[in-house]
Amino acid sequence: MYTQALDALGSLPTSATDEQALVSRFEARVAAEQKIEPKDWMPARYRATLIRQISQHAHSEIVGMLPEGNWITRAPTLKRKCILIAKVQDEGGHGAYLYSAAETLGISREQLIEQLLCGKAKYSSIFNYPTPTWADVGAIGWLVDGAAIMNQIPLCRCSYGPYARAMVRICREESFHQRQGYEIMLTLARGTPEQRRMAQGALDRWWWPSLMMFGPPDAQSTHSGESQRWKIKRVSNDELRQRFVDFTVPQAEFLGLKVPDPALKWNAASGHYEFGAIDWQEFEQVLKGHGPLNAERIAARRAAHAEGAWVREAALAHAEKQRARAAGRAA
Ligand code: BYC
């Protein structure tokens with residue numbers, strides 16, 4: 001981390017002309033679809049935007065372990081339990097890759113975690129909703145991972161190399177997660193009337209929050225203009241949301257479930273589904289920390305961090321012992 005910070009300092013421009021030359025070179029590389037790598041010069045705002053987005057994404061993976069983790073001890077069969085443990089573990093892994101990608105930009109893991117725990121950093125709005133039934137685990141895999149893939153496939157072509165490469169692996173795993181969620185929904189939808197009701201209830205709870213995952217409408221998106229120019233974001237919030245609806249509605253029909261939107265209808269002329277108004281006030285409330293489970297989620301992360309202090313200390317002590325032994329051998 002310190003070495004990267006020094007590298008960044010080493011490439012600081014010494015005059016306005018130097019700075020302009022660096023900006024032009026950076027923009028030409030982005031235009032030519034060349035990846036920007038950690039030691040390359042980059043505008044301060046490009047770096048700050050990436051730290052913001054990648055860390056928000058990493059925090060989402062880590063907080064996102066909680067709603068499904070809630071069901072690990074209560075999964076209906078041993079097979080479902082094994083699959084769920086593996087999925088939640090994958091999410092921890094995604095968080096770890098993403099924290100590492102953010103660290104390449106000159107911020108430490110400790111700073112990133114502190115920003116989450118003190119409430120400064122955002123994480124995806126979706127993880128502030130409860131999972132009262134087993135069907136919610138299915139709906140998260142189907143809808144939340146489905147929305148995540150829709151959003152993340154274009155991020156595999158993000159101009160920042162470490163983020164783009166992390167996304168390739170994450171998307172492969174997410175597509176498996178999406179299928180396991182859909183398979184849970186299919187089993188419930190083809191089950192007893194009570195199981196079908198559970199599946200419908202979960203779709204009712206997760207549909208609208210899933211549409212909110214894509215972020216505010218384009219006209220209100222503060223970062224889209226700059227992020228699209230820098231090829232961090234390739235597709236706009238509204239366009240991805242529309243793709244998600246077009247893709248997911250036929251899947252709901254196949255399940256025999258009803259999307260909870262009376263305004264939903266197919267428009268043959270546009271080749272897209274029209275859908276009803278999203279409650280953006282609810283989204284804003286969740287972002288301000290007033291969602292159903294914001295306080296519980298942060299409390300759970302703070303407790304996990306405090307309870308894990310001894311593990312971090314032990315790992316550091318072990319690393320120090322190894323270093324001292326290696327130094328002793330070299331002497
Ligand atoms: N929730 O200018 P905008 C997963 C914020 S986890 C909260 O459009 P941008 C999974 C935004 O940060 C997948 N905040 O922003 C894990 C900004 O606020 P600040 C999570 C949101 O960045 C476990 C403000 O609103 N995926 O897959 O251009 C189990 C204005 O927005 C949200 C990612 O993180 C939101 N939904 O676009 C299962 C993908 N939306 O920072 C599954 C990576 C917006 O100015 N991130 N905000 O205070 C992105 O692609 C982009 O950051 C977004 C937003 C499309 C989300």
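Side chains included, hydrogens not; waters and symmetry mates left out as well; all remaining heavy atoms used. First listed ligand is number 1; within each ligand, the first listed atom is number 1. On a predicted model such as this, the values are computed, not experimentally measured, just so you know.
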List the closest protein heavy-atom neighbour of [atom]: residue, atom name, distance to the nearest 0.1 Å.
{"atom": "atom 42 (C) of ligand 1", "value": "Asp145 OD1, 3.5 Å"}
{"atom": "atom 24 (C) of ligand 1", "value": "Thr222 OG1, 4.4 Å"}
{"atom": "atom 27 (O) of ligand 1", "value": "Ala148 CB, 3.0 Å"}
{"atom": "atom 40 (N) of ligand 1", "value": "Gly215 CA, 3.2 Å"}
{"atom": "atom 21 (C) of ligand 1", "value": "Gln56 NE2, 3.9 Å"}
{"atom": "atom 25 (O) of ligand 1", "value": "Leu287 CD2, 3.8 Å"}
{"atom": "atom 23 (C) of ligand 1", "value": "Glu91 CD, 3.4 Å"}
{"atom": "atom 10 (C) of ligand 1", "value": "Phe127 CZ, 3.5 Å"}

Option of least heavy-atom distance to [atom] (set: [options]):
{"atom": "atom 54 (C) of ligand 1", "options": "Gln53, Lys233, Arg52, Met167", "result": "Lys233"}
{"atom": "atom 2 (O) of ligand 1", "options": "Arg241, Glu173, Glu284, His223", "result": "His223"}
{"atom": "atom 1 (N) of ligand 1", "options": "Pro216, Ser125, Cys171", "result": "Ser125"}
{"atom": "atom 50 (O) of ligand 1", "options": "Asn151, Leu143, Ile232, Val63", "result": "Asn151"}
{"atom": "atom 18 (O) of ligand 1", "options": "Lys122, Lys87, His177, Lys120", "result": "Lys122"}

Can you tell me if [X] has a non-hydrogen atom under 4.0 Å from ligand 1?
{"X": "Ser227", "result": "no"}
{"X": "Gln152", "result": "yes"}
{"X": "Glu68", "result": "yes"}

Tell me which part of [X] gets within contact of ligand 1: side chain, backbone, both or neither, using heavy atoms under 4.0 Å.
{"X": "Phe283", "value": "side chain"}
{"X": "Tyr123", "value": "backbone"}
{"X": "Glu174", "value": "side chain"}

Is the shortest distance from a Lys or Arg side-chain nitrogen in Arg29 or Glu37 to a carboxylate oxygen in the other one below 4.0 Å?
no
Is there at least one pair of N or O atoms, one from Ser221 and one from ligand 1, spaced under 3.5 Å apart?
yes
Purely on distance, is any nitrogen or oxygen of Met213 under 3.5 Å from one on ligand 1?
yes
Within the 3.5 Å criterion, strictly below it, is a donor on [X] or [Y] matched to an acceptor on the partner's side chain?
{"X": "Asp246", "Y": "Gln242", "value": "yes"}
{"X": "Tyr97", "Y": "Arg169", "value": "yes"}
{"X": "Asp136", "Y": "Thr133", "value": "yes"}

Less than 4.5 Å apart, any side-chain heavy atom of [X] and any of [Y]?
{"X": "Ile149", "Y": "Ile153", "answer": "yes"}
{"X": "Gln115", "Y": "Ile107", "answer": "yes"}
{"X": "Val249", "Y": "Trp266", "answer": "no"}

Nearest 0.5 Å, what's the CG-NZ distance between Leu84 and Lys81?
9.5 Å
Rounded to the nearest 0.5 Å, how far does CD1 of Ile170 lie from CD of Glu91?
10.5 Å
Any donor-acceptor pair under 3.5 Å linking the side chain of Glu226 with the backbone of His223?
no
Okay, side chain of Thr248, backbone of Val245: is any donor-acceptor separation there less than 3.5 Å?
no
Contacting atoms of ligand 1, where contact means under 4.0 angstrom from a heavy atom of Asn237:
8 (O), 55 (C)
Could you tell me, atom by atom, which parts of ligand 1 come under 4.0 Å of a heavy atom of Gly64?
23 (C), 29 (C)
What class does the angle between the rings of Trp71 and Trp134 fall in, given that below 30° is parallel, 30 to 60° is tilted and above 60° is perpendicular?
perpendicular
Determine the sole option in His94, Arg109, Glu61, His59 for which the side chain to side chain donor-acceptor pair (under 3.5 Å) test with Tyr99 is passed.
His59
